[in-house]
Amino acid sequence: MMPFQEMAKLNKLIHEPARLAIMSALEACSMAEFLFLQELTGLTKGNLSSHLSKLERAEYLLINKNYIRKKIPQTTIQITHEGESALKSYWEQLDKIREITKQWQKT
């Protein structure tokens with residue numbers, strides 16, 4: 001099997017570096033506040049919002065917006081079961097590709 005064909009099949013929504021960082025962070029902590037996620041990923045507010053919207057449309061994330069003491073906005077993001085499954089599949093595909101290319105070094 002050629003790994004290049006497998007690479008073309010990678011989930012492009014997750015493969016994008018910023019979204020991969022977001023998904024990996026949320027998998028590790030289950031839920032995070034927007035500002036924490038922004039600091040963790042180093043993305044701007046607008047860039048993070050854009051990536052979160054794409055992941056939410058794919059039903060990989062749930063975004064909850066509310067207010068603390070009726071004044072302070074708070075946005076929390078959590079990974080869904082579908083998101084966890086997609087990320088797991090992504091890593092499995094990448095591991096499979098890596099194993100194939102490791103074999104090239106041995107021959």
Side-chain angles (χ1 to χ4, degrees):
M1 175 187 344
M2 293 300 291
F4 306 110
Q5 294 167 338
E6 287 299 309
M7 285 180 198
K9 296 177 188 175
L10 285 171
N11 183 329
K12 289 168 186 48
L13 187 63
I14 292 176
H15 189 66
E16 197 285 328
R19 291 191 290 267
L20 181 57
I22 292 165
M23 294 292 289
S24 297
L26 290 171
E27 181 189 39
C29 63
S30 298
M31 180 171 43
E33 289 186 343
F34 183 90
L35 294 176
F36 173 76
L37 204 53
Q38 181 188 5
E39 185 176 321
L40 189 64
T41 60
L43 298 169
T44 64
K45 286 181 181 181
N47 204 349
L48 179 57
S49 291
S50 175
H51 288 298
L52 290 175
S53 293
K54 289 175 184 178
L55 292 166
E56 184 182 36
R57 278 193 300 275
E59 298 183 356
Y60 290 170
L61 304 178
L62 288 176
I63 299 174
N64 184 28
K65 298 179 181 192
N66 55 38
Y67 290 88
I68 301 171
R69 293 187 300 272
K70 298 182 183 180
K71 288 185 177 182
I72 305 166
Q74 181 188 43
T75 302
T76 56
I77 303 103
Q78 64 186 108
I79 194 167
T80 63
H81 177 68
E82 291 84 1
E84 288 175 341
S85 294
L87 186 60
K88 181 181 178 211
S89 294
Y90 172 84
W91 286 125
E92 287 171 354
Q93 261 186 299
L94 212 52
D95 287 342
K96 185 177 173 184
I97 292 166
R98 182 69 181 126
E99 285 304 312
I100 293 167
T101 59
K102 280 183 185 179
Q103 295 304 314
W104 293 350
Q105 296 169 351
K106 294 179 183 177
T107 56

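Model, not experiment: these values are computed from the prediction.
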His51 and Asn47: side-chain donor and acceptor closer than 3.5 Å? yes
Is it true that Ile97 and Phe4 fall in one hydrophobic cluster, defined by side-chain heavy atoms closer than 4.5 Å? yes
Hey, any chance Leu10 and Ile14 share a hydrophobic cluster, counting ILVMFWY side chains that come within less than 4.5 Å of each other, even indirectly? yes
request  = Treat each ILVMFWY residue as a node, draw an edge where side-chain heavy atoms are under 4.5 Å apart, and state whether Leu35 and Ile77 are in one component.
outcome  = yes
| request: Please say whether more than 12 non-hydrogen atoms of neighbouring residues, nucleotides or ligands are located less than 6.0 Å from NZ in Lys45. | output: no
In this structure, OG1 of Thr75 is separated from CG of Asn64 (nearest 0.5 Å) by 8.0 Å
In this structure, OH of Tyr60 is separated from OG1 of Thr80 (nearest 0.5 Å) by 8.5 Å
Between the CD atom in Glu92 and the CG atom in Leu94, the distance rounded to the nearest 0.5 Å is 11.0 Å
query: Would you call Glu84 and Lys88 a salt bridge, taking side-chain N to carboxylate O under 4.0 Å as the test?
result: no
Answer yes or no: does atom CD of Glu82 have more than 12 heavy-atom neighbours from other residues, nucleotides or ligands under 6.0 Å? yes
Quiz item: Taking the side chain as C-beta and beyond, is there a heavy-atom pair between Lys96 and Gln93 under 4.5 Å?
Solution: no
| request: Ignoring hydrogens and angles, tell me if any N or O in the side chain of Thr101 forms a donor-acceptor pair with the backbone of Arg98 under 3.5 Å. | output: yes
- Message: If hydrophobic clusters are built from ILVMFWY residues whose side chains come within less than 4.5 Å, do Leu26 and Trp91 share one?
- Response: yes
d(Lys65 NZ, Thr76 OG1) to nearest 0.5 Å is 10.5 Å
When Asn11, Leu13, Leu87 are each screened for side-chain contact (heavy atoms from CB on, under 4.5 Å) with Met23, the one that passes is Leu87
Neighbour count >12 (heavy atoms, 6.0 Å) for atom CD, Glu59: no
Problem - Heavy atoms of other groups near Met7 CE, more than 12 under 6.0 Å - result: yes
Item to check | Residue pair Ser24 / Tyr90, side-chain heavy-atom distance below 4.5 Å | outcome: no
*asked:* Are Leu43 and Ile22 packed together at the side-chain level, in the sense that at least one heavy-atom pair is separated by less than 4.5 angstrom?
replied: yes
Hey, does Phe34 have a side-chain heavy atom less than 4.5 Å from the side chain of Leu37? no
Are any side-chain N or O atoms of Ser50 and backbone N or O atoms of Gly46, one a donor and one an acceptor, separated by less than 3.5 Å?
no
Taken to the nearest 0.5 Å, the spacing of Leu62 CG from His81 NE2 works out to 13.0 Å
